[in-house]
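This one's a predicted model, so the numbers in the text were calculated from it and none came from an experiment.
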Amino acid sequence: MKNVKTLGIALGLTFALGAPMVASSPALADGEKLFKRCAACHSLEEGKKKVGPSLFGIVGRKAGTVDGYKYSDINKQASEAGLVWTKENLVAYLEDPQKFLVAYVEAAGMEPKKKTKMSFKLRKEDQRVGVVDYLAAQ
């Protein structure tokens with residue numbers, strides 16, 4: 001019983017202090033599994049490019065800023081317009097990358113140029129949230 005009480009206190013402190021629960025959050029575990037689809041084109045290693053740019057440190061990073069990666073014109077426009085990859089933006093982007101970027105660029109008063117290279121779509125919101133939570137925990 002003492003161990004259960006100690007665990008409860010530790011978990012309470014973890015949440016109270018804002019520390020992430022890395023252990024086994026179902027969404028995080030699902031996000032890790034789902035990221036395997038993303039890993040065909042993206043790496044989580046800093047500076048390691050594949051077909052797509054490295055997603056190392058993506059949450060909080062300005063769009064289109066991985067050195068040495070050749071971004072599509074619409075991604076460059078979104079970057080110029082100030083797009084930062086917050087959790088919310090990433091969740092919306094993963095639903096339909098082209099639609100998200102077009103809307104962002106148009107909202108900035110620009111005419112969208114061409115298409116994004118990112119064609120993968122993740123329709124279910126809980127899956128998008130899981131992947132983004134996984135990326136944020138890296």
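Hydrophobic cluster membership of V84, counting Ile, Leu, Val, Met, Phe, Trp and Tyr whose side-chain heavy atoms lie under 4.5 Å apart directly or via other members: none, as it forms a cluster of its own.
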Review item, side-chain donor-acceptor pairs of residues 113-121, under 3.5 Å, at least two apart:
residue, atom, partner, partner atom, Å
T116, OG1, N75, OD1, 3.0
T116, OG1, M118, N, 3.2
K117, NZ, K70, O, 2.3

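In this structure, L135 is a member of the same hydrophobic cluster as F100, with clusters built from ILVMFWY side-chain heavy atoms closer than 4.5 Å.
A salt bridge (charged side-chain N to carboxylate O under 4.0 Å, His left out) check over residues 46-59, counting only residues at least two apart or in different chains, returns the pairs E45-K48. Pairs engaging residues 29-68 under the ring pair (Phe, Tyr, Trp, His ring centres under 6.0 Å) rule: F35-Y134 [sequence neighbours left out].
Listed by chain and residue number, Y69 satisfy the ring-ring contact (aromatic ring centres under 6.0 Å, His included) test with Y71 (two or more places apart in sequence, or in another chain). Residues satisfying the side-chain contact (heavy atoms from CB on, under 4.5 Å) criterion with V59, sequence neighbours excluded, are K87, L90, A136. Scanning for salt bridge (Lys or Arg N to Asp or Glu O under 4.0 Å) contacts around E125 gives an empty result, with sequence neighbours left out.
The distance from the CE atom of M110 to the CD1 atom of I74 is 10.5 Å, given to the nearest 0.5 Å. Rounding to the nearest 0.5 angstrom, the gap separating the CD atom in Q138 from the CG atom in L55 is 10.5 Å.
Remark: the backbone N or O of S72 is not paired with any side-chain donor or acceptor of Q77 at under 3.5 angstrom. Between the side chain of R128 and the backbone N or O of L94, no donor-acceptor pair lies under 3.5 Å.
Minimum interatomic distance between V105 and A78 (heavy atoms only, all atoms of both residues): CG2-N, 3.8 Å. Between R61 and G57, the closest heavy-atom pair is CB-O, 3.5 Å. Residues A63 and S79 approach most closely at O-OG, 2.6 Å, considering heavy atoms.
Using a 4.5 Å heavy-atom cutoff, the side chains of W85 and T65 are not in contact. Considering only heavy atoms from C-beta on, Q127 stays 4.5 Å or farther from V131 through its side chain. Side-chain contact between D96 and Q98: present, with at least one pair of heavy atoms (C-beta onward) separated by less than 4.5 Å.
The side chain to side chain contact (heavy atoms under 4.5 Å, CB included) test with Y93 singles out one residue from L122, L101, V132, and that residue is L101.
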